[in-house]
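Below you'll find the structure, written out as structure tokens, and then a few comments.
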Amino acid sequence: MVAKERDKPAERSDDARADALARILAAVRAIPRGRVASYGQVAANAGLKGRARLVGYALRTGDGRALPWHRVLRANGASAFPDGSAGRAEQCKRLEREGVRVSRGRVDLGRYCWTRDLDVLLWGPGAAVPARRRA
DNA sequence: CGACTGACGGTCG
DNA sequence: ACGACCGCCAGTC
């Protein structure tokens with residue numbers, strides 16, 4: 001066996017990277033329709049707390065075909081795309097189409113932010129999408 | 001190899 | 001509300 005000299009603990013293997021990417025994509029797909037999550041939360045759900053940037057990378061490189069990328073917003077509820085950009089307009093449109101209200105380019109995370117625990121705790125299992133909770 | 005850049009987040013002044 | 005920093009990861013020049 002060829003002993004590898006660089007067994008640096010901080011070094012992440014390619015396998016680990018791929019796994020992280022896969023978990024991020026899975027976490028994004030797990031966001032129910034009509035709900036949103038921040039980059040940081042997606043990372044946390046994927047077991048990668050503190051690596052929100054990696055989520056951005058995943059969404060950028062990943063295929064936006066069957067990926068609900070529009071449900072991922074910044075921590076302040078705003079789109080990650082710059083104001084006036086096509087991407088932002090598209091995201092806003094998709095969100096509104098799902099019933100997510102966007103005011104001045106921002107979503108009320110207090111209302112639409114999704115957390116599994118919260119759904120289960122407040123409305124019981126199976127109530128992933130309370131939806132009409134009075135506006 | 002180092003500096004810069006991003007679909008980020010949080011803290012501090 | 002705003003800008004400056006820092007931590008974070010991958011890609012590019």
Side-chain angles (χ1 to χ4, degrees):
Chain A
M1 343 18 152
V2 181
K4 289 197 287 193
E5 308 273 334
R6 2 203 155 178
D7 279 331
K8 294 191 294 185
E11 185 174 334
R12 291 184 172 82
S13 64
D14 295 348
D15 198 38
R17 283 194 297 106
D19 180 59
L21 255 274
R23 291 202 285 184
I24 288 173
L25 295 181
V28 172
R29 289 200 185 91
I31 305 173
R33 187 172 166 288
R35 287 252 154 183
V36 298
S38 69
Y39 285 83
Q41 273 184 307
V42 170
N45 284 339
L48 303 166
K49 193 159 173 72
R51 291 169 201 146
R53 226 156 190 172
L54 200 57
V55 176
Y57 173 75
L59 290 187
R60 197 184 80 157
T61 61
D63 18 328
R65 295 170 299 186
L67 200 62
W69 57 270
H70 56 279
R71 297 183 191 144
V72 185
L73 302 166
R74 283 204 147 176
N76 61 355
S79 170
F81 293 104
D83 188 13
S85 66
R88 188 166 182 281
E90 177 65 23
Q91 184 166 29
C92 182
K93 189 158 81 175
R94 288 194 180 202
L95 287 175
E96 292 269 4
R97 205 172 65 194
E98 286 188 358
V100 177
R101 193 153 84 134
V102 183
S103 297
R104 295 188 305 286
R106 295 193 8 186
V107 172
D108 185 347
L109 292 183
R111 168 142 50 227
Y112 297 103
C113 182
W114 177 63
T115 60
R116 289 184 199 154
D117 300 329
L118 203 59
D119 276 331
V120 176
L121 287 174
L122 296 181
W123 303 290
V129 186
R132 48 239 186 278
R133 204 174 119 228
R134 201 194 67 76

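Each chain gets a letter, A, B and so on, in the order the sequences are listed, and its residues count up from 1. Since we're looking at a predicted model, the values are computed, not measured.
Look at the P atom in both C:dC6 and B:dA3: the space between them is 14 Å, to the nearest Å. Taking atom P in both C:dC5 and B:dA7, one finds a spacing of 22 Å when rounded to whole Å. To the nearest whole angstrom, the two P atoms, one in B:dT5 and one in C:dA4, are 14 Å apart.
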Exercise. Any chance you could lay out the side-chain contact (heavy atoms from CB on, under 4.5 Å) test for A:Leu59 and A:Tyr39, step after step, and finish with the verdict?
Key: CA-CA 10 Å; A:Leu59 290 187; A:Tyr39 285 83; 3.9 Å; yes
Quiz prompt | A:Leu21/A:Arg17 under side-chain contact (heavy atoms from CB on, under 4.5 Å): CA gap, chis, key distance, verdict | solution = CA-CA 6 Å; A:Leu21 255 274; A:Arg17 283 194 297 106; 5.8 Å; no
Quiz item: Can A:Arg101 and A:Val107 be said to form a side-chain contact (heavy atoms from CB on, under 4.5 Å), step by step?
Solution: CA-CA 6 Å; A:Arg101 193 153 84 134; A:Val107 172; over 6 Å; no
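Atom CG of A:Leu67 is separated from atom P of B:dA7 by 16 Å (rounded to the nearest Å). In this structure, A:Leu48 atom CG and B:dG9 atom P are separated by 14 Å, rounded to whole Å.
In the hydrophobic clustering of ILVMFWY residues, with side-chain heavy atoms under 4.5 Å counting as a link, A:Trp69 and A:Trp114 come out together. Grouping the Ile, Leu, Val, Met, Phe, Trp and Tyr side chains by contacts below 4.5 angstrom, directly or via other members, places A:Val55 apart from A:Tyr112. One hydrophobic cluster holds both A:Val28 and A:Phe81 under the rule that ILVMFWY side chains link at heavy-atom gaps under 4.5 Å.
Counting only distance, with no hydrogens or angles, the side chain of A:Arg29 and the backbone of A:Leu67 share no donor-acceptor pair below 3.5 Å.
Checking A:Lys93, A:Glu98, A:Gln91 one by one against A:His70, the side-chain hydrogen bond (donor to acceptor under 3.5 Å, both in side chains) holds for a single residue, A:Glu98.
The local environment of CG in A:Asn76 is crowded, with over 12 non-hydrogen atoms from other residues, nucleotides or ligands closer than 6.0 Å.
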Self-check item: B/S/- contact track for nucleotides 8-13 of chain C, protein heavy atom under 4.0 Å
Solution: BSSS--
Quiz item: Tell me, what's DNA chain B's dot-bracket, Watson-Crick or G-U with both distances under 3.5 Å, | for other-strand, [ ] crossing?
Solution: .|||||.||||||
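Contact check for A:Arg71 versus A:Arg94: no side-chain heavy atoms found under the 4.5 Å cut-off.
Only A:Arg74, A:Ala75, A:Ala80, A:Phe81, listed by number, bring a heavy atom of residues 72-93 of chain A to less than 4.0 angstrom from any atom of DNA chain B.
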